[in-house]
Amino acid sequence: MRVVVVGVGAMGLSAAAELANRGHEVTAIDRFDVGHRFASSSGATRVFRLAHADRDFVRMAIWNHELWKRLETDIGRPLRLTRGLLWRGGLTNEVGDALAAEGVEHEWVDRARQAELFPELRWADDGPVVWQPEAGAVRADDALRASLTRLRRAGGALVGGCTVRAVEPRASGGVEVVADVSGARRTWVADRVVLAAGPWAGPLLGDLGIEVVLTPCLAQVTYVKGGDAVPWASRPCLVDVPPDGASFGFYALPSPGIGFKVGLDQPVRDFLGSDLDREPDAAREQEAVERVRRELPAFDATPVRSELCAWTESADDRFVIDRIGDIVVACGDSGQGFKFLPMFGEVLAGLVEEKPLPDAVAADVASLGLARFADR
Ligand SMILES: Cc1cc2nc3c(=O)[nH]c(=O)nc-3n(C[C@H](O)[C@H](O)[C@H](O)COP(=O)(O)OP(=O)(O)OC[C@H]3O[C@@H](n4cnc5c(N)ncnc54)[C@H](O)[C@@H]3O)c2cc1C
């Protein structure tokens, strides 16, 4: 099949690579290039984990974990640093229960055990803490490079600097993709199109009559030095959720070579398609530094740098993945998509080929479809 993939973030690039490896003629198009800083998938690292409060996400994460191993074997190098993860605050009981129900290794942690696992972390003393060892940091930029290698090795094409203006199903079957490249108009005709446009997905889908509530925003992460006094690069990840469970609160992960990366799970501002200003917010950086001083007092909290990046909330904080005719849609990453990069490849390629997914996750993936919004 001829397949055009629009968008080469974690979702689209993984799909393009998988489809090319399955023998399809793939053209991946992006208005910028792989790893650019204006959308969602840029930066050195992301947290990966099996820990989720919902059992369906745990099941998908278990499958995804196997797919990461397969990708790492295929590409010949590790793409993840396994450091473990401590989850505390809101949703901890739900996370522990979901891990237990799905048979994932985990441990309830008391103060003494936390001191063994993460000696510099302040003991919060306000609720349970769960340890999930098979977690850590994905080398995000390297995972994108690996996917690009897979795409190219299998003969797929990448066209950067190319903005898709219209995606139009053809009466005779297939889809026409119209784009601007360096001021010139270019058209592709494909049997299938994968639309994975990240924070720009809403308008493209709207033009196709696919109405999905998507709320893109810009969020910020800060790398702090960590310092020579602590082996911060080998320390675990942290998710510290406010008691009401409404956001991820504060999260942290080692980003070897740069610093300990921390984020406050509150958008800095709305994402506007035409706004390419990615200047970090100084007040938010200071907030992150203060939080490191409080939670990790032995760390050197001097900021190395901060980065603004986009994510796109769906109406229920879950991915939106579906096929409508010859168009496969992937969006609504809800700030938790990077870790699922290999799963996106499998799922989106499966939708393109109309092939069933493994029984263990088929219903879970199907639940990410557009039908769930029908009554809203
Ligand atoms: C601060 C922050 C922290 C995060 N932390 C984590 C984490 O710890 N763990 C985790 O798993 N996830 C995390 N995420 C989320 C993760 O980064 C995203 O879920 C993931 O990168 C989404 O990828 P995507 O492919 O959907 O979108 P994108 O990466 O945004 O890709 C979409 C692509 O489509 C292209 N495009 C759009 N419109 C067009 C068009 N018209 N024509 C051509 N190309 C177009 C864009 O240029 C872009 O490259 C975080 C996100 C942020 C912002």
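Numbering of ligands and ligand atoms starts at 1, following listing order. The shown structure was predicted, so the numbers you read here are calculated from the model rather than taken from an experiment.
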Short N-O contact, Arg165 and Asp207, less than 4.0 angstrom:
no

Looking only at protein heavy atoms, identify the closest one to atom 51 (C) of ligand 1 and say how far it is in Å.
Trp311 CE3, 3.5 Å

Quick one: nearest non-hydrogen protein atom to atom 14 (N) of ligand 1, plus distance?
Gly335 O, 3.4 Å

Residue among Leu208, Ile210, Val328, Val4 satisfying side chain to side chain contact (heavy atoms under 4.5 Å, CB included) with Leu195
Leu208

Which of the atoms in ligand 1, numbered in the order shown and given with their element, are less than 4.0 Å from a heavy-atom of Gly198?
27 (O), 30 (O), 32 (C)

Counting the benzene-type ring for Trp, do Phe338 and Phe48 have ring centres under 6.0 Å apart?
no

Residue portion contacting ligand 1 (non-hydrogen atoms closer than 4.0 Å) for Ala179:
neither

Consider only side-chain heavy atoms of I, L, V, M, F, W and Y, link residues closer than 4.5 Å, and tell whether Met11 and Leu79 are in one cluster.
yes

Check Lys339 against ligand 1 and report side chain, backbone, both or neither, counting heavy atoms closer than 4.0 Å.
both

Look at the side-chain heavy atoms of Ile, Leu, Val, Met, Phe, Trp and Tyr, link any pair under 4.5 Å apart, and say whether Val167 and Leu370 land in one connected group.
yes

Salt bridge Arg70-Glu346, side-chain N to carboxylate O under 4.0 Å:
yes

Can you report which non-hydrogen protein atom sits closest to atom 50 (C) of ligand 1, along with the distance?
Arg46 NE, 3.5 Å

Suppose I only count heavy atoms of Phe32 and a 4.0 Å limit; which atoms of ligand 1 are within that range?
47 (O)

Going by heavy atoms, is His36 under 4.0 Å from ligand 1?
yes

Is there a path from Phe319 to Val138 through hydrophobic residues (I, L, V, M, F, W, Y) whose side chains come within less than 4.5 Å of each other?
yes

Go through ligand 1 atom by atom and flag the ones less than 4.0 Å from a non-hydrogen atom of Asp333.
15 (C), 18 (C), 19 (O), 22 (C)

Check this for me: Arg139, atom CZ, are more than 12 non-hydrogen atoms of other residues, nucleotides or ligands nearer than 6.0 Å?
no

Hey, does Tyr251 sit under 4.0 Å from ligand 1 if you only count heavy atoms?
yes

Would one find an N or O of Phe338, backbone or side chain, under 3.5 Å from an N or O of ligand 1?
yes

Taking only non-hydrogen atoms of Ala196 and a 4.0 Å limit, the atoms of ligand 1 in range are 32 (C), 33 (C), 34 (O)

Could you tell me whether the side chain of Thr302 and the main chain of Asp300 form a donor-acceptor pair under 3.5 Å?
no

Compute the shortest N/O to N/O distance between Leu204 and ligand 1 and return yes if it is under 3.5 Å, no if not.
no

State whether the side chain of Ser255 and the backbone N or O of Ile258 hold a donor-acceptor pair below 3.5 Å, judged by distance alone.
no

Just distances here: any N/O of Met11 and N/O of ligand 1 closer than 3.5 Å?
yes

closest protein heavy atom to atom 53 (C) of ligand 1 is Cys309 SG, 2.6 Å

When only distance counts, is Val47 in polar contact with ligand 1, meaning an N/O pair under 3.5 Å?
yes

Do any nitrogen or oxygen atoms of Asp30 come within less than 3.5 Å of a nitrogen or oxygen of ligand 1?
yes

Which bit of Cys162 gets closer than 4.0 Å to ligand 1, counting heavy atoms only: side chain, backbone, both or neither?
backbone

Who gets closest to atom 37 (C) of ligand 1 by heavy atom: Ala197, Ser334, Cys331?
Ala197

Would you check whether Ser40 has a nitrogen or oxygen atom less than 3.5 angstrom from a nitrogen or oxygen atom of ligand 1?
yes

Do Phe38 and Phe271 have ring centroids that are under 6.0 Å from one another?
no

Salt bridge Arg291-Asp240, side-chain N to carboxylate O under 4.0 Å:
yes

Side chains of Glu353 and His24, donor plus acceptor under 3.5 Å:
yes

Please identify which atoms of ligand 1 are closer than 4.0 Å to at least one heavy atom of Gly7.
33 (C), 34 (O), 35 (C)

Is it the case that ligand 1 has an N or O less than 3.5 angstrom from some N or O of Val164?
yes

Looking only at non-hydrogen atoms, which of Gly9, Gly12, Ser41 approaches atom 20 (C) of ligand 1 most closely?
Ser41

So, Arg80 and His65: side-chain donor and acceptor under 3.5 Å apart, yes or no?
yes

Do the charged groups of Arg31 and Asp180 touch, with an N to O distance under 4.0 Å?
no

Can you tell me which residue and heavy atom of the protein come closest to atom 39 (C) of ligand 1, and the distance to 0.1 Å?
Arg31 CD, 4.0 Å

Under 4.0 Å from any heavy atom of Val221, which atoms of ligand 1 are there?
1 (C)

Would you say ligand 1 has an N or O under 3.5 Å from any N or O of Thr163?
no

Would you check if there is a donor-acceptor pair between the side chains of Trp68 and Glu66 at a distance under 3.5 Å?
no

Quick check: Ala10 and ligand 1, any N/O pair under 3.5 Å apart?
yes

Residue-ligand contact Pro199/ligand 1, heavy atom below 4.0 Å:
yes

Asp244, CG atom: more than 12 neighbouring heavy atoms under 6.0 Å:
yes

For ligand 1, which atoms sit closer than 4.0 Å to a heavy atom of Ala310?
53 (C)

Would Trp200 count as being in polar contact with ligand 1, using the rule that some N or O on each side must be under 3.5 angstrom apart?
no

